[in-house]
Amino acid sequence: MARSRFMTLERHIIEGERMHPEATGELSRLLSDLAIAIKIISLEVNKAGIVDILGLTGDENVHGESVRKLDMYAHDMMFKAMDHGGHLCIMASEEEEDIIHIPTDFEIGRYVLLFDPLDGSSNIDANVSIGTIFSIYRRQSPDGLPGTLEDCLQPGYKQVAAGYVVYGSSTMLVYTAGHGVHGFTLDPSIGEFILSHPDIRIPQKGKIYSVNEGNYKYWHPGLKQYIKFLQEEDAPSSRPYSTRYIGSMVADVHRTLLYGGIFMYPADSRSPKGKLRLMYECNPVAFITEAAGGIATDGNMRLMDKVPEHLHERSPIFIGSPDDVNTLLRFLRRAEEAGLV
Ligand code: AHM
Ligand code: MG
């Protein structure tokens with residue numbers, strides 16, 4: 001009989017920890033708590049259509065409970081699962097204006113958690129993939145005290161772990177603690193994440209580009225030229241490229257990681273900082289993509305070197321296979337040197 005290794009997320013985290021004798025196990029316990037929150041959110045996401053039948057958001061459902069928006073539900077669930085584990089000193093969420101303190105009756109830990117509870121929420125009602133994104137840092141302020149805004153405003157290269165979850169045809173969790181990127185698929189019958197994509201490496205070059213082309217008119221001239229270049233015919237370089245755009249960053253980045261190519265949410269003349277949030281969206285996927293051998297830039301610099309000034313600041317993002325991102329950067333530079341900008 002063929003031998004197979006049945007690797008749960010829990011076991012994978014523990015085995016990863018054994019390879020680092022200096023580890024205290026705190027990060028592992030934090031990740032395990034996160035996995036529980038994600039399973040609960042996944043259950044609710046899968047019920048989304050039914051909830052609509054039972055009562056529209058804002059109404060009471062048949063059980064007399066008020067039906068909350070799914071993104072607020074996901075936000076609350078992340079908070080409730082993570083506030084009392086003793087691992088965190090502070091949290092921040094895309095759904096909340098300010099930093100989120102750990103309640104005073106719970107132990108204060110050494111880590112910082114930033115998250116986007118439900119990314120791509122405009123896709124919920126169409127039953128299209130959505131996701132959750134998280135990013136973990138070590139605290140900078142002294143241990144034992146409540147965490148601070150400064151603990152949250154760290155550049156992406158200081159992340160100790162990051163991950164995302166895609167609620168799609170199945171629920172998948174992809175995470176890295178810096179060494180290797182691993183994907184787990186949720187088996188709903190046993191409620192366990194099982195290792196399905198060990199050691200994900202992004203292809204050196206792809207043949208798909210992913211961007212909201214409806215904004216073309218407002219783009220940087222170098223980006224316009226790059227897209228036209230991708231649409232030209234040249235068999236040796238796999239052009240013309242295909243285009244795929246789901247409009248849920250997690251799903252678009254996940255496909256890019258597996259198949260290669262480039263995902264972009266650029267700045268444009270209407271949104272000079274782009275749309276996506278540096279802390280909750282760009283940095284975590286940058287950490288994962290770089291750990292898988294890819295590149296993540298804002299068009300001028302490495303995303304993870306950006307020093308954040310605000311919790312909710314936005315950044316342009318170009319992310320994906322090294323050859324594709326480097327080609328794009330050449331087009332941007334060339335347009336600037338030609339004085340087109
Ligand atoms: P959200 O946080 O409100 O869900 O917005 C973020 C989403 C990303 O998932 C996606 O890449 C982008 O918005 C799509 O934006 P657009 O509709 O402008 O293409
Ligand atoms: Mg989002």
Side-chain angles (χ1 to χ4, degrees), residues 37-38 41 44-45 48 57 68-79 91-97 100 113-135 152 156 162-168 171-172 174 208-220 223 227 243-257 261-289 294 296-299 303 308 310-320 325:
I38 286 158
I41 297 169
E44 202 65 18
V45 167
T57 302
R68 271 165 304 160
K69 281 184 72 189
L70 206 49
D71 39 12
M72 278 320 290
Y73 175 88
H75 166 89
D76 290 350
M77 207 39 72
M78 290 288 275
F79 174 71
M91 293 185 240
S93 160
E94 201 194 284
E95 293 292 338
E96 187 134 343
E97 196 58 32
I100 308 169
L113 174 67
L114 306 186
F115 58 93
D116 181 354
L118 214 57
D119 183 58
S121 44
S122 70
N123 275 325
I124 296 175
D125 290 341
N127 210 352
V128 172
S129 295
I130 47 181
T132 295
I133 315 170
F134 61 88
S135 173
C152 295
Y164 62 75
V165 185
V166 197
Y167 309 103
T171 295
M172 251 198 94
V174 174
I208 299 173
Y209 71 92
S210 184
V211 67
N212 183 345
E213 223 160 330
N215 297 326
Y216 183 90
K217 182 179 185 323
Y218 308 106
W219 287 348
H220 185 290
L223 178 56
I227 296 297
T243 180
R244 295 278 185 278
Y245 188 70
I246 297 167
S248 288
M249 186 200 67
V250 165
D252 281 315
V253 166
H254 183 59
R255 182 201 54 248
T256 305
L257 209 58
I262 184 165
F263 168 79
M264 301 167 262
Y265 208 109
D268 64 39
S269 54
R270 293 187 304 179
S271 320
K273 295 201 148 202
K275 174 181 183 188
L276 300 182
R277 315 282 177 148
L278 178 63
M279 307 307 291
Y280 310 107
E281 295 170 327
C282 302
N283 272 337
V285 295
F287 190 41
I288 294 164
T289 302
T297 164
D298 74 351
L303 269 171
H310 310 288
L311 262 186
H312 294 278
E313 79 183 57
R314 298 172 196 272
S315 171
I317 178 170
F318 303 94
I319 190 164
V325 179

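Remember, it's a predicted structure, so these values are computed and weren't measured experimentally. Counting starts at 1 for both ligands and their atoms, following the listed order.
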Correct closest heavy-atom pair for Y245 and F263 would be CE1-CE1, 4.0 Å
With rounding to 10 degrees, D119 OD1, the Mg ion (ligand 2) and D116 OD2 define an angle of 90°
One finds that the ligand 1 atoms under 4.0 Å from a non-hydrogen atom of G247 are 8 (C), 9 (O), 10 (C), 12 (C), 14 (C)
Atom 5 (O) of ligand 1: of K275, R277, E95, E213, the nearest heavy atom sits on K275
Looking at E281, the N, O or S atom sitting nearest the Mg ion (ligand 2) is OE2
For atom 4 (O) of ligand 1, the closest protein heavy atom turns out to be G120 N, 2.7 Å
Per residue E94, nearest N, O or S atom to the Mg ion (ligand 2) is named OE1
Near N212 (heavy-atom distance under 4.0 Å), the atoms of ligand 1 are 16 (P), 18 (O), 19 (O)
In this structure, atom 6 (C) of ligand 1 is nearest to the protein heavy atom D119 OD1, 3.4 Å
closest protein heavy atom to atom 18 (O) of ligand 1 is Y265 OH, 2.5 Å
Heavy-atom nearest pair, P266 first then V211, reads CD-CG2, 3.9 Å
### Query
Aromatic rings Y280 and H312: how do their planes relate, parallel, tilted or perpendicular, breaks at 30° and 60°?
tilted
### Task
Would you check if Y164 and L257 make a side-chain contact, meaning some heavy-atom pair closer than 4.5 Å?
yes
Query raised in the report: Any nitrogen or oxygen of V250, main chain or side chain, under 3.5 Å from a nitrogen or oxygen of ligand 1?
Result: no
Q) Does the side chain of R255 come under 3.5 Å of the side chain of S210 through a donor N or O and an acceptor N or O? A) yes
Under a 4.5 Å cut-off applied to non-hydrogen side-chain atoms, are L118 and T132 in contact?
yes
A student checking ligand 1 against S121 at a 4.0 Å heavy-atom cut-off should list atoms 4 (O)
Looking only at protein heavy atoms, what sits closest to atom 19 (O) of ligand 1 is Y245 OH, 2.5 Å
For M249, the ligand 1 atoms with a heavy-atom partner under 4.0 Å come out as 8 (C), 9 (O), 10 (C), 11 (O)
Smallest heavy-atom separation, S315 atom then C282 atom, equals O-SG, 3.9 Å
Quiz item: Does an N or O from S122, backbone or side chain, lie closer than 3.5 Å to an N or O of ligand 1?
Solution: no
Counting from 1 in the order shown, the ligand 1 atoms closer than 4.0 Å to a non-hydrogen atom of E281 are 2 (O), 6 (C)
Practice prompt. Could you tell me whether the side chains of N123 and S248 share a donor-acceptor contact shorter than 3.5 Å?
Written response: yes
Only residue of I130, I133, D71 satisfying side chain to side chain contact (heavy atoms under 4.5 Å, CB included) with D119 is I133
Within less than 4.0 angstrom of ligand 1, does Y280 place any heavy atom? no
So the atoms of ligand 1 within less than 4.0 Å of a heavy atom of E94 turn out to be 2 (O)
ask   = With a 4.0 Å cut-off on heavy atoms, is S248 touching ligand 1?
value = yes
Given the options E95, E94, M91, M279, F115 meets side chain to side chain contact (heavy atoms under 4.5 Å, CB included) only with M91
message: Quick check: do V165 and V250 have side-chain heavy atoms less than 4.5 Å from each other?
response: no
